[in-house]
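Each remark here refers to the structure printed beneath this line.
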Protein chains: 2
Amino acid sequence: MPPTIKDVAKKAGVSTATVSLVIHDEKRISPLTKRRVRKAIQELNYRPSRAARGLVTRRTQNIGYVLTEDHFRRTEPFYTNIFLGTEFEAREHDFYILVNTIPTEFSGQDCLPRFVKENNVDGIIIAGKVPLKLLECLEPYHLPIVFVDYYPPFGEHSAVLIDNLAGGRLATEELIRNGHKKIGFIAADMEHPSIFDRSQGYRMALEKNGIAYSTDQIITCKGIPDRESGYKCAQALHEKAPQISALFACNDAMAIGALKFFREAGVNVPDDISIIGFDDVTADLYSRPPLSSIRVQKEEMGVEAVRTITELINSKDQRPKKIVVPVELVLRESIKKIN
Amino acid sequence: MPPTIKDVAKKAGVSTATVSLVIHDEKRISPLTKRRVRKAIQELNYRPSRAARGLVTRRTQNIGYVLTEDHFRRTEPFYTNIFLGTEFEAREHDFYILVNTIPTEFSGQDCLPRFVKENNVDGIIIAGKVPLKLLECLEPYHLPIVFVDYYPPFGEHSAVLIDNLAGGRLATEELIRNGHKKIGFIAADMEHPSIFDRSQGYRMALEKNGIAYSTDQIITCKGIPDRESGYKCAQALHEKAPQISALFACNDAMAIGALKFFREAGVNVPDDISIIGFDDVTADLYSRPPLSSIRVQKEEMGVEAVRTITELINSKDQRPKKIVVPVELVLRESIKKIN
DNA sequence: TCCACTTAGTTAAACGATTAACTAAACAGT
DNA sequence: ACTGTTTAGTTAATCGTTTAACTAAGTGGA
């Protein structure tokens, strides 16, 4: 059996209360006593029991990480990397992360994450777009919530977001700098704020450079922005606007799908068409040709999410806070200069 | 505040002990009382506090999931899918999964998973190959352990393993069935039992079909079996044994790397060389050409791991138990029949 | 000397479950 | 009628912390 606070108290010759006060570094304990107690803790390799502590403080020291099942299963390890970041940062704050996927078609109470129903978390991180119904069902629990890479259309919330607008501009401007004027755009799920902002960055970049923005060079579709939809959108765009010399895909998954389409259609990348994606998932490196993209610091987003949620948990100040993480251009071989 | 057992007791007009006994479905409570208590539980939406329960039962109802950092970061979501399986099954057994990555170069005590040091798990699942030093450091904690897709060279342990031998045979026999006789093999980290078994399956298939097994057609390297090592091994094999008409790669990551090499070397797959991998990660679908592989039920492995560890946790019978999950051939376009 | 304050602790109740030990009532057998 | 057993609960201790309230000793000022 692991040692308890009593063992420490006995060894140090003080009461258990004193040990507890030392652990919390209260000033009313003399430095000398503190040293004695700390030594005893060391020697016994004592760690306070989370259960006992949780019972009296009414805190679980757990954070929930919620995402839809298909986000988790997706080939590109985007949300998985964010998760890894949360796990690292959680250690610093003495929290554990509990993961729970929810079905993509969320249907009320039953689908609520287990740790919510069981009151087993002090706050939750919601990664990626989730059904609004989930947020409704979450309401009555009054848990602090931080969104990551998504922001619901109603209400005021804390969130860690990508600078999608800047990223969209950066990507488009890079194509323009390489001489491209006929630049297509493909996307899925334009209701997703992140995707929408990327399209706005695309638009701003065009207009700022005196290039007309036109829906003739855009193909969007419903559903999730994965490789398959990238393939289909590229195909549709190729028929609709064969004249384009460059393409901005709303994310790498779609860009990789587009790459596949062009390869099959005998359109050479980058000789015939330049392509840039968004997210910089590692799969880019092994696509043919390696894909230029907009890098997002995924682990860093996880870190910020944990910082934000712990602040929310630890203070009574519940004002929502938004953090926008910067993006960065990553050039590989999928873009070619034209005159 | 969530309702406590006292609230339920009061509402149902019984003692808290009775409520507890009802929750555990003890036979000494009459059906009538049980119904009354259950109704109260329902109406109050009561859930026992894990902290309080854990304090008296000395159980955390948590399971640790340990893997090295690079396994987690790897592009192929192999261990991530296993994790998803554990999460699903954990719900059935009322456990939570706590994830902890360990550094790939493990250096003793400090690197031990946090939940181990803090006694915050009842057992752990170790996924993939881990440093032996970790196992040493884990020893004194006497935690039930289940290995997944790895088996340490010393001692007797419980494990959930892939049928690598059968898979290696299946892959090689498929190449043979397509008329291939000069079949190469590439692998990294042959000390890994899974990789070694795959090579043995390859050997068995050859010998069973009267084809000489020869190291002339094999290239192995140190390090992890990733795309990069696949590229290099394919390159080395191409120089050493240009005559081969087919290649079995020890996993898909290496197969994809090999694909890249052959593409660059102007060797057409499958016209000039047929390739088969192992694991069936989703990236296969988007490789060019789509890769034939040996499918492994990853989520199922996670499920079995949780079943095994909970059995270990709940019973005094600590006899190690091994589960071998079957594999299955998946044919895509990377194999061509020759005469 | 007396009182008020500060310092450095201690005492004991509480958190919310579980469970061993107990009890009261009903029943059975002789 | 008495004893023993079964049934259906209850009582109370316990798990390992935290923390409000208390205390005893020392300090300082008038």
Side-chain angles (χ1 to χ4, degrees), chain A residues 1-41 44-62 94 117-122 313-314, chain B residues 1-41 44-62 94-96 117-122 313-314:
Chain A
M1 289 298 94
T4 74
I5 200 171
K6 276 190 198 159
D7 301 323
V8 176
K10 192 179 296 173
K11 178 147 198 163
V14 295
S15 72
T16 63
T18 302
V19 176
S20 180
L21 295 174
V22 169
I23 289 170
H24 294 92
D25 205 15
E26 286 272 343
K27 60 211 121 312
R28 62 170 145 159
I29 306 297
S30 72
L32 209 87
T33 309
K34 278 191 181 173
R35 213 167 320 137
R36 268 216 331 283
V37 171
R38 291 205 174 108
K39 188 156 159 261
I41 289 177
L44 293 172
N45 189 25
Y46 164 77
R47 314 266 175 162
S49 140
R50 284 184 107 78
R53 198 176 248 185
L55 191 53
V56 24
T57 61
R58 295 147 169 301
R59 289 254 241 132
T60 63
Q61 293 293 114
N62 291 150
D94 194 31
K117 296 197 232 176
E118 294 182 358
N119 311 300
N120 199 25
V121 291
D122 300 328
I313 291 171
N314 291 323
Chain B
M1 290 297 93
T4 73
I5 200 170
K6 277 190 198 159
D7 301 321
V8 177
K10 193 181 298 174
K11 178 146 197 161
V14 295
S15 72
T16 63
T18 303
V19 176
S20 180
L21 294 174
V22 170
I23 290 170
H24 294 93
D25 204 18
E26 287 271 344
K27 60 211 122 311
R28 61 172 145 157
I29 306 297
S30 72
L32 209 86
T33 309
K34 278 191 181 170
R35 215 169 317 137
R36 269 216 329 284
V37 170
R38 292 207 174 107
K39 189 156 159 261
I41 289 178
L44 293 172
N45 189 24
Y46 163 78
R47 314 267 175 164
S49 141
R50 282 183 109 79
R53 198 176 248 187
L55 192 53
V56 24
T57 60
R58 294 147 170 301
R59 289 254 238 129
T60 63
Q61 293 292 115
N62 291 149
D94 194 30
F95 274 88
Y96 280 96
K117 295 198 231 174
E118 295 182 356
N119 311 300
N120 200 25
V121 290
D122 300 328
I313 291 171
N314 291 324

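Chain letters run A, B, ... following the sequence lines, proteins first and then strands; every chain starts at 1.
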Quiz prompt | Over all atoms of both residues, closest heavy-atom pair of A:Tyr46 and A:Ile23 | solution = CE2-CD1, 3.7 Å
Quiz item: Looking for any heavy atom pair under 4.0 Å, which part of the strands does A:Ser20 touch: base, sugar-phosphate only, or nothing?
Solution: base
Self-check item: Minimal non-hydrogen separation, B:Pro3 against B:Asn45, with atom names
Solution: CG-O, 4.1 Å
Self-check item: Those residues that, when tested against B:Lys39, pass salt bridge (charged side-chain N to carboxylate O under 4.0 Å, His left out) (two or more places apart)
Solution: B:Glu43
Exercise. For DNA chain C, find the residues of residues 51-61 of chain A with a heavy-atom distance under 4.0 Å and give them by number; none if there aren't any.
Key: A:Leu55, A:Val56, A:Arg58
Quiz item: Near DNA chain C, under 4.0 Å by heavy atom, which residues of residues 29-41 of chain B?
Solution: none
Quiz prompt | Pairs meeting criterion salt bridge (Lys or Arg N to Asp or Glu O under 4.0 Å) with involvement of residues 47-57 of chain B, two or more places apart | solution = A:Glu118-B:Arg50, B:Arg50-B:Asp94
Exercise. Kindly state each residue pair satisfying side chain to side chain donor-acceptor pair (under 3.5 Å) with at least one member in residues 1-10 of chain A, sequence neighbours excluded.
Key: none
Practice problem: Determine the contact category for A:Arg50: base if any of its heavy atoms lies under 4.0 Å from a base atom, sugar-phosphate if only primed atoms, P, OP1 or OP2 are that close, otherwise nothing. | Solution: nothing
Practice problem: Report the C-alpha distance between B:Phe95 and B:Asp122 in whole Å, list the side-chain angles of each, state the deciding distance to 0.1 Å, and finish with yes or no for side chain to side chain contact (heavy atoms under 4.5 Å, CB included). | Solution: CA-CA 10 Å; B:Phe95 274 88; B:Asp122 300 328; 3.6 Å; yes
Quiz item: Which residues within residues 10-19 of chain B lie with some heavy atom under 4.0 Å of an atom in DNA chain D?
Solution: B:Val14, B:Ser15, B:Ala17, B:Thr18
Exercise. Using side-chain hydrogen bond (donor to acceptor under 3.5 Å, both in side chains) as the criterion, list what pairs up with B:Ser49, not counting sequence neighbours.
Key: none
Quiz item: What are the two closest non-hydrogen atoms of B:Asn120 and B:Thr60, and how far apart are they?
Solution: O-OG1, 3.5 Å
Practice problem: Establish, from distance only, whether the side-chain atoms of B:Asn314 and B:Arg59 form a donor-acceptor pair under 3.5 Å. | Solution: yes
Quiz prompt | Closest heavy-atom pair and its distance - B:Gly54, A:Ala51 | solution = C-CB, 4.2 Å
Quiz prompt | Contact boundaries on DNA chain D for chain B, cut-off under 4.0 Å to non-hydrogen atoms | solution = D:dA8 to D:dG16
Quiz prompt | Inter-axis angle, terminal five-pair segments of the helix from C:dT1-D:dA30 to C:dT30-D:dA1 [nearest 10°] | solution = 50°
I'd like a list of close polar pairs between nucleotides 24-28 of chain C and the protein, N/O only, cut-off under 3.5 Å.
none

Quiz item: For DNA chain C, whose closest nucleotide is more 5', that of B:Arg28 or that of B:Ser49?
Solution: B:Ser49
Quiz item: Minimum heavy-atom separation for A:Lys11 to A:Ala40, with atom names?
Solution: CG-CB, 3.8 Å
Quiz item: Quick one: salt bridge (Lys or Arg N to Asp or Glu O under 4.0 Å) pairs with a partner in residues 15-26 of chain B, sequence neighbours left out?
Solution: B:Asp25-B:Lys34, B:Asp25-B:Arg38
Practice problem: Measure from CG on B:Asp25 to C1' on C:dT18 and round the result to the nearest Å. | Solution: 16 Å
Quiz prompt | Rounded interatomic separation in angstrom, taking CG from A:Asn119 and P from C:dC15 | solution = 17 Å
Self-check item: Atom pair CD (B:Gln61) and CD1 (B:Ile313), whose distance is rounded to the nearest 0.5 Å
Solution: 7.5 Å
If you look only at distance, which donor and acceptor atoms sit under 3.5 Å apart when one is on a side chain in residues 14-22 of chain A and the other is two or more places apart or in another chain?
unit_1  : atom_1 : unit_2  : atom_2 : d
A:Ser15 : OG     : A:Ala17 : N      : 3.4
A:Ser15 : OG     : A:Thr18 : N      : 3.3
A:Ser15 : OG     : A:Thr18 : OG1    : 3.1

Quiz item: C:dA17 P sits how many Å from B:Met1 CE, rounded?
Solution: 13 Å
Quiz item: How long is the line joining CD1 of B:Ile23 and P of C:dT19, in whole Å?
Solution: 11 Å
Quiz item: Where do A:Leu55 and B:Ala52 come nearest, in terms of heavy atoms and distance?
Solution: CD1-CB, 3.6 Å
